[in-house]
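Throughout, residue positions are numbered sequentially from 1 according to the sequence presented. Just so you know, these numbers use all the heavy atoms, side chains as well, and skip hydrogens, waters and symmetry mates.
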Amino acid sequence: YFSMGEYRKALEYFDLSVEVYREIHDRRRLATELNNIAVISGDLGDYQTALENYQRALALHREIGNRVQEATTLNNIGTAYSSLAEYQKGLDAYRAALDIHRSLDRPWDVAVNTHNIAWVYANLGDRQHALNLYQEAIDIFRGVKDQFSLANTLNNVGDNHTELGE
């Protein structure tokens, strides 16, 4: 239902699966479902519910030692806070995700987190710092040959130069 855009129906089934995963004590799949619920909640503009579910998923990822999903969830938390214009909390989450991705040597994820941090700085009005961070992301996206993310980042660079009157 999620892929068809039927979010309310998808939530019904995700809620049911959460109950089952709790009953069978499958923390990994439970965390995945909580993330799914959080994503849909965010898509529906309910960022508080999204954050609650991301926090639950984050705790589970930490309990089971899933560092990759811990970082992904932290990135999602950063996005939710940024959507609420709680930029400092967003930066804190993005930076925590970035630290994990660096420690795991995951260049694409490092670039995504760097891009997200740049976006926050741009929204805070620190466009020069944002441009420097976007350049870091551009270099990595080129290195991993991700043309889509590269194009998106270049677009944001253009937006920043426009805002700077350049």
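The closest donor-acceptor contact from the side chain of Thr72 to the backbone of Gln69 lies at 3.5 Å or more, if one exists at all. With hydrogens and angles ignored, the 3.5 Å screen pairs no side-chain donor or acceptor of Asn152 with any backbone N or O of Phe148. A donor-acceptor pair under 3.5 Å is formed between the side chain of Asn123 and the backbone N or O of Trp119.
In this structure, CZ on Phe14 lies 11.0 Å from CG on Leu34, to the nearest 0.5 angstrom. In this structure, the separation between CG on Asp15 and CD on Glu33 is 9.5 Å, given to the nearest 0.5 Å. Considering CZ of Arg8 and CD1 of Ile40, their distance stands at 9.5 Å, rounded to 0.5 Å. With rounding to the nearest 0.5 angstrom, the CD atom of Glu23 is 11.5 Å from the CG atom of Leu30. Expressed to the nearest 0.5 Å, how far CZ of Arg27 lies from CZ of Arg62 amounts to 14.5 Å. From Asp92, atom CG reaches atom CD1 of Ile117 across 10.0 Å, with rounding to the nearest 0.5 Å.
Between Leu131 and Leu164 there is a side-chain heavy-atom pair separated by less than 4.5 Å. In this structure the side chain of Val39 reaches within 4.5 angstrom of the side chain of Tyr54, judged on heavy atoms. In this structure, Asn160 and Glu166 have side chains that are not in contact, with every pair of non-hydrogen atoms separated by 4.5 Å or more. Side chains of Glu163 and Asp159 form no contact here, defined as non-hydrogen atoms less than 4.5 Å apart. Counting only heavy atoms from C-beta outward, the side chains of Gln88 and Leu91 approach each other to under 4.5 Å. Within the 4.5 Å cutoff, the side chain of Thr49 has no heavy atoms near those of the Leu44 side chain.
Checking His61 against Glu70 by side-chain atom types alone, no donor-acceptor pair falls below 3.5 Å. A side-chain N or O of Tyr94 and one of Thr79 form a donor-acceptor pair less than 3.5 Å apart. Checked by atom type, the side-chain pair Glu136/Thr114 shows no donor-acceptor distance below 3.5 Å. Side-chain atoms of Gln135 and Asp139 include a donor-acceptor pair closer than 3.5 Å.
Follow the hydrophobic side-chain contacts under 4.5 Å out from Tyr81 and you never reach Leu124; the two are in separate clusters. Connection of Leu133 to Ile100 is not established within any shared hydrophobic cluster, with ILVMFWY side chains joined at heavy-atom distances below 4.5 Å, either directly or through further cluster members. One hydrophobic cluster, built from ILVMFWY side chains closer than 4.5 Å, cannot hold both Ile64 and Val20; they sit in different ones. Note on Leu84: it does not cluster hydrophobically with Tyr87, by side-chain heavy-atom contacts below 4.5 Å among ILVMFWY residues. Val120 is not connected to Ile77 by any chain of hydrophobic side-chain contacts under 4.5 Å among Ile, Leu, Val, Met, Phe, Trp and Tyr, and they are in different clusters.
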Test side chain to side chain contact (heavy atoms under 4.5 Å, CB included) applied to Val112 and Phe141, step by step: CA-CA 9 Å; Val112 168; Phe141 286 134; 4.1 Å; yes
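When each of Ile37, Asn53, Thr32 is paired with Val18, the side chain to side chain contact (heavy atoms under 4.5 Å, CB included) condition holds for Ile37 and for no other.
For the residue pair Leu104 and Arg67, the shortest heavy atom distance occurs at CD1-CB, 3.8 Å. In this structure, Ala57 and Ala31 approach most closely via the heavy-atom pair CB-O, 3.6 Å. Nearest heavy-atom pair, Pro107 versus Ile140, reported as atom, atom and distance to 0.1 Å: O-CG2, 3.2 Å. Nearest approach of Ser41 to Ala50, heavy atoms of both residues: CB-N, 3.7 Å. In plain terms, the two heavy atoms of Asn75 and Asn116 that are nearest each other are OD1-ND2, 2.7 Å. Shown here for Ala71 and Ala97, the closest heavy-atom pair between the two residues is O-CB, 3.3 Å.
The aromatic rings of Tyr121 and His129 sit perpendicular to each other, their planes meeting at more than 60°, with 30° as the lower class boundary.
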